[in-house]
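In what follows, a single structure is set out as C-alpha cells and then discussed.
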Amino acid sequence: MTPSNHDLRAWLQEVEKIGELHRIQNIPWDKDIGGLVEMVLERSANPPALLFEKIPDSRQDMSILCSQIDGIKRLALAMGNDPNVSITDYIQSWRRKARNLQPVEPDYLKSAPIFENCVEKNIDLEAFPIPRWHELDGGRYIGTNDLVITENPEEHWINAGTYRVMLQGKDAVALYISPGKHGGLHRRKYFDMGKPCPVVMSFGHHPLLFIAGCTDVPVKMSEFAYAGGVLNEPIQLVRGPHTGLPIPAFSEIAIEGEMFPGDDLPEGPFGEWPGYYASDTRPEPVVRIKALYYRDNPILCGEPPLRPSANQRFHLSIQRAALIWNALDDAGVPDVQGVWLNPSAFRFFVIVKIKQRYPGHAKQAALVASQCRAGAYLGRYVVVVDDDVDIYNPNDVIWAIGTRSEPENIDILRRCWSGPLDPVIPKERKGFNSRAIIDATRPYEWKDKFPPVNAVSDRLKAELDKKYGSLLKEVLGRAH
Ligand SMILES: Cc1cc2nc3c(=O)[nH]c(=O)nc-3n(C[C@H](O)[C@H](O)[C@H](O)COP(=O)(O)O)c2cc1C
Ligand SMILES: [Mn+2]
C-alpha cells in the first residue's frame with residue numbers, strides 16, 4: 001500500500017516533529033480524559049495535541065487523540081500550508097481555496113488498512129476506552145470528531161457530516177443530527193419510503209476529512225470530493241461490504257449499520273459547544289451495527305465540545321470566517337478588512353472589520369454577515385468595526401463597542417434560524433432566535449471629526465522601540 005497524504009498517522013508524525021504532540025498514559029476514560037483536555041485548553045496559550053495511551057480498564061491497543069487541530073501550525077500542516085502562517089494569511093488562503101475549489105472525485109481501493117480487523121460477531125464497543133467526556137453526559141460518546149456517511153436514495157450523492165454519536169450498549173449507537181443537516185435529510189427520505197437507512201461511521205481520520213465533515217459543503221457535493229479538491233488529488237476510499245457506502249481507506253475505526261424507522265432510544269444529554277446541555281435528552285434513531293472495522297492499534301479522534309475557551313474551535317472560527325468573508329464579497333460589500341468569530345462565542349458573535357466608504361456600508365456588511373449561509377445558523381450578535389480595531393483581540397473589540405456604538409441604534413432581527421442547542425431559548429420556542437446588529441464603527445457622517453484615539457502612534461512606537469529597545473526588553477522580561 002503506498003503511503004497516503006491523508007493518513008492520520010503520517011500527519012501525526014509531522015506534528016510530533018514540530019513538537020506539538022504530547023503523549024499521556026494511564027488516564028481513565030470516565031470524565032478524566034475530557035476534564036484534562038478542557039483544563040489544558042483553558043490554561044495553555046498554545047495547547048499541544050494530546051494522545052492518551054494505555055487507558056486503564058479497557059483494551060490496551062487503542063489510544064485517543066484530542067486537540068487535534070487546536071493550533072494554527074497543526075491546522076496548516078493538515079491543509080498542506082506552511083505551519084508558520086499568520087491567522088489572517090491562513091484565512092485569506094482558505095478563502096481562495098474555498099472559492100476556487102474544484103471537487104475531485106475519490107478513488108475506490110480494493111483493500112485498505114481499515115480492514116486490518118473486521119468484526120461481525122460479538123461486537124463489543126464497550127470494551128474500547130470510549131470516553132464519557134463531561135460529568136453530566138448521559139453516556140459514552142464514540143463520535144465527536146467523526147464522519148457519518150449516508151447516501152441520498154433518490155439523487156445518489158454521498159454525504160459525510162460530523163454529528164455526535166453515543167454508545168447504546170455493545171453493538172449499537174445513537175446519533176443526533178440538527179434540523180436541516182444533510183445526513184438527517186437523507187435519513188428522512190429512507191424513512192418516508194418505509195426503508196431502513198444504511199450508514200457508515202468513521203471515528204478517526206486525517207484532520208482534513210474532519211474539517212470537510214464539519215464545514216458547510218454545498219448540498220449535493222460529497223465531502224470526500226470537497227476534501228479531494230482541497231488537496232487537488234483524490235481521497236482514497238473502500239466500499240463497505242454490507243452497505244456499499246464509502247469508508248475512508250485510512251480510517252482508524254469504522255462501523256457499518258442501519259437505522260430503522262421508529263427504532264429510537266434516548267440520546268443525550270451531552271455537553272454542547274455553546275457550553276450547556278441545552279438539547280437535553282430526546283429519542284433518536286439507533287444504528288444497529290453489522291460490522292466493526294479497525295486498524296491495528298487504532299486511534300480514536302475526540303473533539304468533545306467544551307465550555308468555550310479561546311483555544312477550542314479555533315480551527316472552526318478560521319474556516320467560518322473565510323466563508324463569511326467570501327459571502328460578503330459575493331454580495332458586493334467592498335473593503336472588508338477582516339472577519340472573525342471569537343472562539344469563545346463562535347457563531348454567536350461575528351465581527352466584521354471594514355474601511356467605511358459610504359453611508360450604510362457598515363449596516364450592509366452586518367446584515368449580509370448575519371444571514372449568509374455561513375453566518376445564519378445559531379447567530380446572535382454581529383458587530384462591525386473600523387479598520388483600526390484588532391478583531392482577534394476581544395479587548396479591542398469590546399473597546400470599540402463600548403466607545404463607538406450607541407445602544408439606541410442597535411437593530412434587532414427577529415425569528416431568525418436557531419436550533420435546539422440554543423441555551424437561552426426555552427424548549428417550546430426552540431427553532432427561532434433574534435439577532436442584534438451592532439454598528440461599532442465611527443458614525444459615518446462625522447467620522448473624520450471623531451475624537452482622536454488616545455494611544456501611542458505607530459510612528460512614535462517605532463521611534464521608542466529603537467531608542468529604548470534594550471530597556472523594554474529588560475522590563476518585559478521581568479514579567480516572565
Ligand atoms: C466537534 C463537532 C461536533 C458536531 N456535532 C454535531 C451534532 O451532533 N449534530 C449536528 O447536527 N451537527 C454537529 N456538528 C456540526 C456539523 O458537523 C456541521 O454543521 C456540518 O456542516 C454538517 O454537515 P452537513 O452540512 O453535511 O449536514 C458538529 C461539529 C463539530 C465540529
Ligand atoms: Mn454535506
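Numbering of residues begins at 1 and proceeds along the displayed sequence. Ligands are counted one by one from 1 in listed order, and the atoms in each one are counted from 1 as well.
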(request) May I ask you to identify the nearest protein heavy atom to atom 29 (C) of ligand 1, giving residue, atom name and distance to one decimal place in Å? (result) C214 CB, 3.9 Å
(message) Quick check on contacts: which atoms of ligand 1 are under 4.0 angstrom from a heavy atom of N159?
(response) 26 (O)
(message) When you compare ligand 1 with Y163, is there at least one nitrogen or oxygen pair between them that comes in under 3.5 angstrom?
(response) yes
(message) Does this structure show an ion pair linking D7 with R9, if we count only N-O contacts that are shorter than 4.0 Å?
(response) no
(message) Only heavy atoms of R164, strictly under 4.0 Å: list the atoms of ligand 1 that pass.
(response) 5 (N), 6 (C), 7 (C), 8 (O)
(message) Tell me whether ligand 1 is touched by G213 - counting only heavy atoms on the residue side and a distance under 4.0 Å.
(response) yes
(request) Would you confirm whether the ring centroid of F270 sits within less than 6.0 angstrom of the ring centroid of Y176? (result) no
(message) Checking contacts here: is it the side chain or the backbone of T215 that comes within 4.0 Å of ligand 1, counting heavy atoms only? Could be both or neither.
(response) backbone
(request) Out of E223, K181, E284, H182, indicate the one that has the non-hydrogen atom closest to atom 19 (O) of ligand 1. (result) K181
(request) Using the six-membered ring wherever Trp is involved, compare the ring planes of Y377 and W417 and label them parallel, tilted or perpendicular (cut-offs 30° and 60°). (result) tilted
(request) Compute the centroid of each ring, for Y141 and then for W133, and state whether the two points are separated by less than 6.0 Å. (result) no
(message) Working note: H205 + W11, criterion ring pair (Phe, Tyr, Trp, His ring centres under 6.0 Å); need CA distance, chi angles, decisive distance, verdict.
(response) CA-CA 10 Å; H205 30 248; W11 172 84; over 10 Å; no
(request) Below 4.0 angstrom from a heavy atom of I177, which ligand 1 atoms are there? Numbered from 1 as shown, please. (result) 11 (O)
(message) Closer than 4.0 angstrom, basic N to acidic O: yes or no for R140 and D30?
(response) no
(request) Pick whichever of T144, L421, T162 has a heavy atom sitting closest to atom 13 (C) of ligand 1. (result) T162
(message) So that I can check it, does any N, O or S atom in E223 come closer than 2.8 Å to the Mn ion (ligand 2)?
(response) yes
(message) Can you tell whether the side chains of K290 and E258 come within less than 4.0 Å, N to carboxylate O?
(response) yes
(request) Scan side-chain atoms only and decide if R295 and N297 contain a donor-acceptor pair under the 3.5 Å cut-off. (result) no
(request) Would you mind running through ligand 1 and noting each atom that sits below 4.0 Å from a heavy atom of S178? (result) 10 (C), 11 (O)
(message) Measuring centre to centre across the rings, with the benzene-like ring taken for any Trp, is F348 within less than 6.0 Å of W273?
(response) yes
(request) Can you pull out the closest protein heavy atom to atom 9 (N) of ligand 1? Residue, atom name and distance to 0.1 Å, please. (result) Y176 O, 2.9 Å
(message) What is the name of the N/O/S atom of H182 that is nearest to the Mn ion (ligand 2)?
(response) ND1
(request) Would you mind running through ligand 1 and noting each atom that sits below 4.0 Å from a heavy atom of L316? (result) 31 (C)
(message) Could you check whether any side-chain heavy atom of R23 comes within less than 4.5 Å of a side-chain heavy atom of E16, counting everything from C-beta outward?
(response) yes
(request) Confirm or rule out an N/O/S atom of M221, from backbone or side chain, lying less than 2.8 Å from the Mn ion (ligand 2). (result) no
